[in-house]
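Written out below as structure tokens is the structure these notes cover.
Count residues from 1 along the sequence.
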Amino acid sequence: LRKGLVIFQFIVAIVFITSTVIIDRQIDYITGVEMGFDRNNVLLLDFDGEKAAENCQLVKNALSSKSYVVSSSASESALGRRNYVSYGMFTDESADDSSYVIVKKYSADENYVATFGLTLLDGTDLTNEVPGEIRTPVLINKSGAEELGVEDPIGFKLHTRADQFY
């Protein structure tokens, strides 16, 4: 019986040591992985409630006036978080079911790309001055373009049943 307990304790100790090493490596990976944006020296503030947008704009304006603030931006969620809204959209104007796609969307202002140090592969940054008939500027990532089956996403439009497009 004593020999069995010693062997059991030894096995439990090996499991705990192995688990600790694996968890340590996972933490090192998570903290060291390149996220595709500059996450150093970034202050994130969450605003909730009915006046969230108004309060966010007030803080953004106050921070922008400070000489030590390089850039400020407002968005629905921070990069790297899974707080997004899913929308059903269509890849063509007919809005038939064969072109239906589910799009995960974050809303952000024109300073978002600069604030997070994102690199665009093609196209232009978000801007309030949208040329032509495009109503809302959209940035999509490379995997999003692949999922939509679009080789050149510049000028590509996503439609809703309400005759809106993005």
Side-chain angles (χ1 to χ4, degrees), residues 23-93 95 99-166:
I23 290 171
D24 183 57
R25 288 183 180 172
Q26 289 294 315
I27 290 172
D28 286 345
Y29 174 77
I30 289 170
T31 56
V33 70
E34 179 58 46
M35 299 292 291
F37 63 91
D38 184 9
R39 60 184 176 182
N40 296 319
N41 300 318
V42 174
L43 172 66
L44 298 174
L45 303 172
D46 287 327
F47 294 92
D48 291 324
E50 294 177 15
K51 294 190 173 193
E54 181 182 330
N55 293 339
C56 179
Q57 192 61 44
L58 288 171
V59 171
K60 183 181 168 197
N61 292 342
L63 288 173
S64 295
S65 67
K66 305 296 182 191
S67 62
Y68 50 83
V69 175
V70 176
S71 180
S72 64
S73 178
S75 68
E76 282 181 323
S77 182
L79 275 172
R81 292 189 185 168
R82 294 190 180 263
N83 299 341
Y84 50 77
V85 178
S86 294
Y87 285 95
M89 297 195 157
F90 301 89
T91 56
D92 63 34
E93 292 181 58
S99 69
Y100 183 77
V101 292
I102 295 177
V103 178
K104 296 173 183 171
K105 175 184 106 33
Y106 294 100
S107 292
D109 68 8
E110 65 278 357
N111 298 328
Y112 195 72
V113 172
T115 300
F116 283 98
L118 299 175
T119 302
L120 298 180
L121 298 176
D122 202 0
T124 59
D125 198 350
L126 296 171
T127 178
N128 289 329
E129 300 173 15
V130 182
E133 61 183 46
I134 299 174
R135 294 184 189 172
T136 306
V138 175
L139 295 177
I140 63 172
N141 60 14
K142 187 176 180 180
S143 62
E146 291 169 359
E147 184 74 24
L148 290 170
V150 180
E151 288 187 31
D152 183 17
I154 306 301
F156 182 78
K157 297 176 185 173
L158 291 170
H159 303 268
T160 67
R161 288 195 197 256
D163 293 331
Q164 294 176 327
F165 56 87
Y166 297 89

What residues form a side chain to side chain contact (heavy atoms under 4.5 Å, CB included) with N55, not counting sequence neighbours? F47, K51, L58
Residues in side chain to side chain contact (heavy atoms under 4.5 Å, CB included) contact with L121, at least two apart in sequence or another chain: K142
If you look at every heavy atom in S73 and K60, which pair is closest and at what distance? CA-CE, 4.1 Å
Contacts of V69 meeting side chain to side chain contact (heavy atoms under 4.5 Å, CB included) (sequence neighbours excluded), chain-then-number -> L63, K66
Heavy-atom check, side chain of Y112 versus side chain of T115, under 4.5 Å: no
Do you know the tightest heavy-atom contact between S71 and A114? OG-C, 4.3 Å
Residue set satisfying side chain to side chain donor-acceptor pair (under 3.5 Å) with Q57, at least two apart, ordered chain then number -> N61
Under the rule for side chain to side chain donor-acceptor pair (under 3.5 Å), what residues qualify as partners of N111, not counting sequence neighbours? none
What residues, two or more places apart in sequence or in another chain, satisfy side chain to side chain contact (heavy atoms under 4.5 Å, CB included) together with D28? D24
With sequence neighbours excluded, tell me which residues meet side chain to side chain donor-acceptor pair (under 3.5 Å) with S65. none
Nearest-0.5 Å distance, CG of residue L139 to CG of residue L120: 6.0 Å
